[in-house]
Amino acid sequence: MNAADIRKTFTDFFASKNHTIVHSAPMVIKNDPTLMFTNAGMNQFKDIFLGNTHAKYPRIANSQKCLRVSGKHNDLEEVGRDTYHHTMFEMLGNWSFGDYFKKEAIEWAWELLTEVYKIDKDRMYVTVFEGDKKDGIPADTDALSFWKTHISEDRILYGSKKDNFWEMGDTGPCGPCSEIHIDIRSAAERKKIDGKILVNKGDPHVIEIWNLVFIEFNRLSDGKLVPLPAKHVDTGMGFERLCMVIQGKKSNYDTDVFQQIISEIAKQSGKKYGDDLKSDIAMRVIADHLRAIAFAIADGQLPSNNKAGYVIRRILRRAVRYGYTFLGFREPFIHELVQVLVKQMGDFFPELKSQQELIRKVIAEEEISFLKTLSTGIQRFENYIESNNGKKIIDGSFVFELFDTFGFPIDLTQLMAKEIWWNVDMTEFNKNMEMQKTRSRQAATVDAEDWIELKPVTETEFVGYDLLSADVVILKYRKVKTKDKEFFQVVFDKTPFYAESGGQIGDSGYFESNGEKFSIDDTKKENNLTIHITKKLPKELTATFKAAVDKEKRLLIENNHTATHLLHSALKQVLGTHVEQKGSLVDDERLRFDFSHFSKMTDEEILKTEQLVNEKIRQNIVLEELRDIPISEAKKMGAMALFGEKYGDHVRVIAFDRKYSIELCGGTHVHATRQIGFFKIVSESAIAAGIRRIEAITADKAEQFISNKLDIIMQLQDILKSPKDIVKSVTQLLEQNSRLQKQIEELQKEKALGLKNELIKKIKKIGNINFLAEQVTLDAVGAKDLAYAMKNDIEDLFLVLAYESEGKPGLSVMISENLVSEKKLDASKIVRELAKEINGGGGGQPFFATAGGKNAEGIEKALNKAVEFLT
RNA sequence: GGGGAAUUAGCUCAGUUGGCUAGAGCGUUUGACUGGCAGUCAAAAGGUCGACGGUUCGAUUCCGUUAUUCUCCA
């Protein structure tokens, strides 16, 4: 069975058990501060388990794209070294939300594995929870007795809380779990050691294949467990592992999921997979990481310099690094593999296929930039070796700097050091690393107190589409302390405040009761919970409050959000249908829209886009809002969905003329487009390969922008005495100007020459030195110019110039270089001496120095004193 | 969220106890050589030294704030 068949068999099987098959949610997560990427199949159902949302279907099954780069079982640096860990993987799962429980979950898992996939029963073991005295939970005898009907008791093992009790977090839903393990070792090995002993011991060939979680408790913040009214099933089976088992391989990487990619890498590098451990690891790393990056980009997460985007960048860089070190790649190569991946997975994941070109370009760009990072790192390394000639040991602090600041991989540093028989001070390096870590940890501690619940928490009703103020009560609140801030998070039963989402910033405003008014500074969403941020709490918490959104600000935000939709459609018309939204920011000041497009927009294209948007604004198109319609219907209407939508069978559709703009969107919009007034693009730029960014403004901001520009033109016209053609007249002026400039320069030269000649006449010969100390009516720069000019003309010069500018006295001393060396004269020292007379200080070089002071009366004295330095 | 670094001519970058009236290579323009292409030589143009504020007689250089980018940690 090939991988595609195995996947299909899974979904078909659960469909036959009355499960609804849903799509994989995007791998990139928005609106959850605790998670950047989907790391388990259950993520998209988290709200249901938390009780924030109701389940739409009682039974669900799917294959979910997941990404794991850190965590207790998975460290990015370990992926590829073994044969069964991955960054990106598919998790097959089935769920029950308050429907079936342990009996069916166990029965079906067993049926699917043994009867459908025909896996040898003799190789399987299962584990059940042994109970925990501290928590006061008994052993999972239910699971045990269900298992006994399928498998002999000596193949059932007890697991501790660590392995067999699943918790989502410190608090929240949790429960015992039951794992199915499989032994894929050879017969000879199995004879030597009983597979039972190796379960959960890290043997790569005795592995967990399916985890069945039975969610039946809720853990409170004091650590107590209470039974849940509705019990859920949450299962997860690693797709790649399953393929390995069914295809009779010893490594995930030997399955058809990876082999095509690996053989392409082998071809390009001229090495054979299986020949050498190090190059094998490199090929596995690259094959794995390619999948992670490609899917992340397809889901809308581009590599960038922070947060989720940086995680993606690092995964890619790790792949480049392995290719560079172990396979000898010196040129970008990973982007060439994209086509192989798309050929293989593009059918089941159409998002890969539709964005193939973008994925390729983005990866290529990133590869180039990392290869550059490597070469600057090598340069720095070589400079260090040269300037520490023969030291034979590289300072830990230097290695750390190379790593921490310039991103040069530590293992490359070690490799390069080894090649020239140098050592690296790793103790010092690790010390630096440890310091960095503790510093970060300290800064990251957000001290959130427990939620204080005033009323049972239900879903907060959002009324902000229709109302800007509402009577609300507080459901719960908590105090949060960060390093330099302290504030409260408040949850209402309903709210007109829009929580930051989909690029639109959160509303601000206030809530009040009994004449007491409290500002709401921001509104955020956490796990579907709308959180209002305020600095102060009312005394009477149980009162009914009037919660009101800052109306003006909201209107401006709506202008920009609707304009974003109009722009999106306009771009598709002007540039083509390949334009896809890649990011968006909407606030009360401006809108920022990132989209896929491969070349710089021309001035005409920008103009055309603006014209189209403004035309739509003038048409005063009325908002058509379909608040709760099935996603299938929305798609039929042609709504643009972004990065694939999260599961949920009802969505909100926003249309401004169905033929023009129709999008799935949760944001707030104007009632009719004329409110936007005017739309103006202020910049168009590149933010990544194949991605462009437009920044634009609307309404009074746009009006202001235009009137400022017009004002400049009016002023110009005024200044130029209203010519017919401003451009022509300015051009003429510029020409004239440069002509005059040259004349002035000549005149100034003449004048300076005059001044210079006048001064030259005053020069006194003292010994063989040409001495002059004079006051001039120049400023510091003029004096400097003059001094340099004099130096060029007069040999053996000793010149002191004094001047007064802006009421302050200044001195400049210029001494010919030959005098400096022959007579050991030092303008710097001299000027400091002279400056005493004007209550000042100064300095400079031996041949030229300046000083400034406060006492202009002293100028004459200073000039008189100058002659003393000649002897 | 925290730490480090970078930002200098159209491009790639030099420029350390703060003072050499800011430099190089490539590119651009002009001129000469040549039948043309190309090339060689010569010359020129081009810089608010990211922005703002401070210290100083003087800041590209030191300090602070900010923007953008890079990078490591959480």
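So you know, we letter chains A, B, ... as the sequences are listed, proteins then strands, and number each from 1.
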Every stem of 3 or more Watson-Crick or G-U pairs under 3.5 Å that RNA chain B joins, in order of first number, is B:1-7 with B:67-73, B:10-13 with B:23-26, B:28-33 with B:39-44, B:50-54 with B:62-66
Lys/Arg N to Asp/Glu carboxylate O, A/Arg692 vs A/Asp594, below 4.0 Å: no
A/Phe370 or A/Arg832, whichever maps to the more 5' nucleotide of RNA chain B: A/Arg832
Pull out every residue in residues 845-852 of chain A that has a heavy atom closer than 4.0 Å to any atom of RNA chain B, ordered by number, or say none. A/Gln845, A/Thr850, A/Ala851, A/Gly852
Could you work out the separation of B/G46 and B/A24 based on their P atoms and round it to a whole Å? 15 Å
Answer with yes or no whether the side chains of A/Asn818 and A/Asp796 bring together a donor and an acceptor at under 3.5 Å. yes
Where the side chain of A/Lys307 is concerned, which of B/C73, B/G1, B/G3 is the nearest nucleotide? B/G1
Quick one: ring pair (Phe, Tyr, Trp, His ring centres under 6.0 Å) pairs with a partner in residues 368-387 of chain A, sequence neighbours left out? A/Tyr384-A/Phe398
Check nucleotides 67-70 of chain B for protein N or O atoms closer than 3.5 Å to its own N or O atoms and list the pairs.
residue: B/C70; atom: OP1; partner: A/Arg313; partner atom: NH1; Å: 3.2
residue: B/C70; atom: OP1; partner: A/Arg313; partner atom: NH2; Å: 3.2
residue: B/C70; atom: OP2; partner: A/Asn305; partner atom: ND2; Å: 2.9

Output every pair passing salt bridge (charged side-chain N to carboxylate O under 4.0 Å, His left out) with a member in residues 813-829 of chain A, not counting sequence neighbours, ordered by first then second residue. A/Lys791-A/Glu817
May I have the distance from A/Asn430 (atom CG) to B/C73 (atom P), rounded to whole angstrom? 13 Å
How far does the P atom of B/G10 sit from the matching atom of B/G50, given to the nearest Å? 13 Å
Classify the nucleic acid contact of A/Gly841 as base, sugar-phosphate or nothing, counting any heavy atom under 4.0 Å across all strands shown. base
Assign each of A/Thr438 and A/Tyr788 to its nearest nucleotide of RNA chain B by heavy atoms, then name whichever residue's nucleotide is nearer the 5' end. A/Tyr788
Please give the distance between the P atoms of B/U60 and B/U48 as a whole number of Å. 13 Å
Round to a whole Å and report the spacing from CG of A/Asp404 to P of B/A5. 10 Å
Roughly, in whole Å, what's the span from CD1 in A/Ile838 to C1' in B/C57? 8 Å
Taking only residues at least two apart or on different chains, which pairs with a member in residues 799-854 of chain A satisfy ring pair (Phe, Tyr, Trp, His ring centres under 6.0 Å)? A/Tyr788-A/Phe848
Between A/Glu77 and A/Arg318, does any side-chain N to carboxylate O distance fall below 4.0 Å? yes
Quick test of your reading of the model: are A/Lys372 and A/Glu365 salt-bridged, counting only N-O distances below 4.0 Å? no
Does the B/G2 base have a donor-acceptor partner in the side chain of A/Gln436 within less than 3.5 Å? yes
Is it the case that A/His85 and A/Glu78 place a side-chain donor and acceptor less than 3.5 Å from each other? no
Across the strands shown, which category fits A/Met435 at heavy-atom distances under 4.0 angstrom: base, sugar-phosphate, nothing? nothing
Rounded C1' spacing from B/C11 to B/C73 in Å: 34 Å
Pairwise P distance, B/A9 and B/U61 [rounded to whole Å]: 15 Å
Would you indicate what A/Gly844 reaches in the nucleic acid, counting non-hydrogen atoms under 4.0 angstrom: base, sugar-phosphate, or nothing? base
Distance check, C1' atoms only: B/U65 and B/U29, in whole angstrom units. 42 Å
With a 4.0 Å cut-off, would you call A/Glu366 and A/Arg313 a salt bridge? yes
Nucleotide B/A6, atom C1' - distance to CD of A/Gln379 in whole Å: 17 Å
Provide the distance between the two P atoms, one in B/G19 and one in B/G27, to the nearest whole Å. 33 Å
Counting only side-chain nitrogens and oxygens, does A/Arg314 get under 4.0 Å of the OP1 or OP2 atom of B/C73? yes
Among B/C73, B/C13, B/U21, which nucleotide has an atom closest to any side-chain atom of A/Met433? B/C73
Closer than 4.0 angstrom, basic N to acidic O: yes or no for A/Arg321 and A/Asp411? yes
Do the rings of A/Phe400 and A/Phe403 sit parallel, tilted or perpendicular, given the 30° and 60° boundaries? tilted
Whole-Å gap separating C1' (B/A5) and CZ (A/Arg380): 8 Å
Indicate, with a heavy-atom threshold strictly under 4.0 Å, whether A/Phe403 touches base, sugar-phosphate, or nothing. sugar-phosphate
Just how far, in rounded Å, is P of B/C73 from CG of A/Leu402? 14 Å
Length of the NZ-C1' vector between A/Lys791 and B/G19, whole Å: 13 Å
Hey, are A/Ser828 and A/Arg832 close enough side-chain-wise for a donor-acceptor pair under 3.5 Å? yes
Got a salt bridge between A/Glu695 and A/Arg590, using NZ or NE/NH1/NH2 to carboxylate O under 4.0 Å? yes
Which value, in whole Å, describes the distance between the C1' atoms of nucleotides B/G23 and B/U34? 34 Å
Rounded to the Å, how far apart are A/Lys437 NZ and B/G4 C1'? 17 Å
Report which part of the nucleic acid A/Gly810 touches: base, sugar-phosphate, or nothing (heavy-atom distance under 4.0 Å, all strands). nothing
More than 12 non-hydrogen atoms from neighbouring residues, nucleotides or ligands closer than 6.0 Å to CD on A/Glu795, yes or no? no
With respect to the side chain of A/Arg439, which nucleotide from B/G3, B/A74, B/U21 is positioned closest? B/G3
